[in-house]
Structure formats: C-alpha cells, structure tokens
Amino acid sequence: PKGGETTFDLLIQVNGVIEKANVASSDIQDAEYLDCLKRVFSRVRFKNVTIKEPIHATFPLSIETP
C-alpha cells in the first residue's frame, strides 16, 4: 500500500468554523489531493464549541491507498 501522513494547521474561530487549513507537512505531494482535503476542511464545523478566542490546532491525517 501507498500513502502517508499529511498534517494540517487549522485556525478555528469561536463559532467552530475552520477559517484556514494550511498544509504543515505532507508525505503525499499530489496537489489535487491536498486541494481536495483543504476544501473538505473548509466545510467542517465544530458544533457546540466553547472557546473565547480563535485557536490553532494541528491535525494529522494518515492515508493508505491500494
């Protein structure tokens, strides 16, 4: 199997919306793959979030392909 890990740096606003999703590092250097993941993160909402100021979060994602 192929694949690898991609780590994202997320900026999460107080309403749970991900404002920015930047690739911090990636074993997979496929621009289409990385753009697709960024679009997915742009639609993610953290419901019932209780933060008082925006936060940065690191999100590692491991992918295996056949």
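Everything numeric in this text was worked out from a predicted model, so none of it was measured.
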Heavy-atom side-chain proximity of [X] to [Y] below 4.5 angstrom:
| X | Y | result |
| --- | --- | --- |
| Lys38 | Val23 | yes |
| Ile63 | Thr6 | no |
| Ile28 | Leu34 | no |

N/O donor-acceptor pair under 3.5 Å between Asp27 side chain and Glu5 backbone: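 Pair found, side chain donor or acceptor close to backbone of Glu5.
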
Could you tell me whether the side chain of Asp30 and the main chain of Glu32 form a donor-acceptor pair under 3.5 Å?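 Side chain of Asp30 to backbone of Glu32: a pair is present.
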
Report the distance from atom [atom1] of [X] to atom [atom2] of [Y], rounding to the nearest 0.5 Å.
| X | Y | atom1 | atom2 | result |
| --- | --- | --- | --- | --- |
| Ile12 | Ile55 | CD1 | CD1 | 4.5 Å |
| Gln13 | Lys20 | CD | NZ | 9.5 Å |
| Ile51 | Asn15 | CD1 | CG | 8.5 Å |
| Ile18 | Leu11 | CD1 | CG | 9.5 Å |
| Leu37 | Phe8 | CG | CZ | 4.5 Å |

Could you report the tightest heavy-atom contact between Leu10 and Ala21, atom names first, then the distance?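 What the structure gives for the nearest pair is CD2-CB, 3.7 Å.
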
Assigning hydrophobic clusters by single linkage (Ile, Leu, Val, Met, Phe, Trp, Tyr; side-chain heavy-atom cutoff under 4.5 Å), is Phe41 placed with Tyr33?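 Yes, it is one cluster - the side chains of Phe41 and Tyr33 are joined through contacts under 4.5 Å.
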
